[in-house]
2 protein chains.
Amino acid sequence: MARDIQERIKRLIIDGRLASGAPLPTEPELMELLGVSRNSVREALKALQAMGIVEIRHGFGTYVGPMSVAPMIEGLTFRTVAGHYRGEDSLLQLLELREAVETGLIARLVGRVPDTDLAELDALVQKMEREAAAGAVAADTDRTFHATLYRGLRNPLLGEVLEAFWDAFHRVRTGLVDVPPDPRVTLRQHREILDAVRSGDAIGAERAVREHFGNIRARLGSTVAVSEVEHGGQ
Amino acid sequence: MARDIQERIKRLIIDGRLASGAPLPTEPELMELLGVSRNSVREALKALQAMGIVEIRHGFGTYVGPMSVAPMIEGLTFRTVAGHYRGEDSLLQLLELREAVETGLIARLVGRVPDTDLAELDALVQKMEREAAAGAVAADTDRTFHATLYRGLRNPLLGEVLEAFWDAFHRVRTGLVDVPPDPRVTLRQHREILDAVRSGDAIGAERAVREHFGNIRARLGSTVAVSEVEHGGQ
DNA sequence: AAGAGTCAGCTGCTCTAACCAACTGAGCTA
DNA sequence: TAGCTCAGTTGGTTAGAGCAGCTGACTCTT
């Protein structure tokens, strides 16, 4: 029955052609509309909120959610953290997921990145340069580089999904096994990727991306081994 | 504060190194353990259930969830359906997401699919043959083909994600704009993909996958146009 | 008249208490 | 021994009350 309430609220959104941010009925209104108690309404809303379908603002109202893939990040992160603590190589699997997808996509990107994006990527590499000189490349710079790069694929959904993978990986890595990579290596590899994409070298671009991930994986390998010993198998 | 309760329940799972299926405290126990009312406990559990982190069985108990990417399907599906009804090309975007990822991955697959999987794929194509002769290829056969194919990448997480994309696309397509593709074309294209993968022809495999998606996209294009008129933009 | 402060009213949030419904497993019956 | 029944445990739902955050209109001051 709780399932049914969720479906009916979903129908409200779909049948009403409501866009993100549109206001939904208040809790008392939903009670009467659906003929259920307040608790049931709230539990359904909580579940929908967890899926990013609705957004609840205390003292203000309930609204149609952003419909982003953000909830996916939450789920992936938890799954990976839980697996890690149980001695599984879940973080490595997540990294390999990113590697498989990004290396597969990079070839499609060659020659399709607009000049404005290339200019932005140049600026980001320069920013990395400054940060590397200062000690470490900021996470956000790396994130923005990847996001800007794959923007060239002209599929916002794909961009969101890749960002979600990046976020989940980054959150688990910094939270559990923080061994920041050598900033100079990071800088060089990003520059290589950008150069290959710009010059239309599909093979080179793919190799550069693979090397980039290979670097991260190598760093991860030693750390995971350590943390496995720490936490013990079982 | 509700957020806090969720986090504390997550910690129970992580700190306890609990595997999928492990029992969680009952609602009254959680009340006392967390020092909150039953309502709050239940709302937190509902949210965690929506994320696939816990599994609730009426009259039995609460357990650690399967930690699959299943919730992602739910979210993606709703997002796509809602967008579609609002006149967006969300279904096309979802298809393009699959196309981009699968065409990117197919080259990595060439020569890496074990013989046992190739045999299974052969059997699936034969099954498709029989189904095509009878009128239409069963959805499940198509799904299993893709799942078995990408199993060769040896990354269960990646397999799950691809299956999630497939499910979401299929659910929206059959639910909204069901125009089944020509079964003979579907059959031929799957056979081409399998042949190319088996013979180590990376270029050919990629082209075959791209053609496969091109076929689906063409079918979709006409239908989406129709349904846009039906529902009217805005 | 213009601005800032206040408060009434909505909103969602939490709690208590009671009863309903589903499932399990021990005990009873045949 | 095999099957059934029922009591106990668990989650599901309802009801009513009060708490907490936000908004917007009203009022008081300048």
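So you know, we letter chains A, B, ... as the sequences are listed, proteins then strands, and number each from 1. Note that the structure is a prediction, hence the values are computed from the model and not measured.
The CG-P distance, from B:L48 to D:dG11, rounds to 14 Å in whole Å. A straight line from CG of A:L45 to P of D:dT13 spans 14 Å, rounded to a whole angstrom. Here D:dG16 presents its C1' atom at 10 Å from CE of A:M31, a figure rounded to the nearest Å. Between B:L34 atom CG and C:dC15 atom C1' the separation is 15 Å, expressed in whole Å. What separates CD of B:Q49 from P of D:dG11 is a distance of 12 Å, to the nearest Å. Atom pair A:L30:CG and D:dT14:P shows a separation of 14 Å (rounding to whole Å applied). The separation between B:E32 atom CD and D:dT10 atom P is 13 Å, rounded to whole Å. Atom CZ in A:R42 sits roughly 12 Å away from atom C1' in D:dC19 (whole-Å rounding).
Phosphate proximity of D:dG11 to B:T62: present, with a side-chain N or O under 4.0 Å from OP1 or OP2.
Contact annotation for B:R57: backbone-only contact, meaning every heavy-atom pair under 4.0 Å involves sugar-phosphate atoms and none involves a base.
Of all nucleotides listed (C:dA18, C:dT14, D:dA15), C:dT14 comes nearest to the side chain of B:S40. Distance from the side chain of A:E27 is smallest for C:dC13 among the nucleotides D:dC22, C:dC13, C:dC15.
Using a 3.5 Å distance cut-off with no hydrogens or angles, the side chains of B:T62 and B:E55 do not pair a donor with an acceptor.
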**Pair A:Y150-A:E163, side-chain hydrogen bond (donor to acceptor under 3.5 Å, both in side chains): steps then yes or no** = CA-CA 10 Å; A:Y150 292 103; A:E163 274 192 74; over 6 Å; no
**Prompt:** Yes or no on ring pair (Phe, Tyr, Trp, His ring centres under 6.0 Å) for B:H190 and B:H146, after CA distance, side-chain angles and deciding distance?
**Reply:** CA-CA 9 Å; B:H190 280 90; B:H146 285 257; 5.5 Å; yes
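Residue whose closest nucleotide on DNA chain D sits further toward the 5' end, between A:R38 and A:F60: A:R38. Of the residues near DNA chain C, A:P25 and B:V41, the one whose nearest nucleotide (by heavy atom distance) lies more toward the 5' end is A:P25. Residue whose closest nucleotide on DNA chain D sits further toward the 5' end, between A:M1 and A:G59: A:M1.
Looking at A:R151 and A:E120, a side-chain N of the basic residue comes within less than 4.0 Å of a carboxylate O on the acidic one, giving a salt bridge. Using a 4.0 Å cut-off between a side-chain N of Lys or Arg and a carboxylate O of Asp or Glu, A:R171 and A:D167 do not qualify as a salt bridge.
The base of D:dT14 sits within donor-acceptor range of the side chain of A:N39, with an N or O pair under 3.5 Å.
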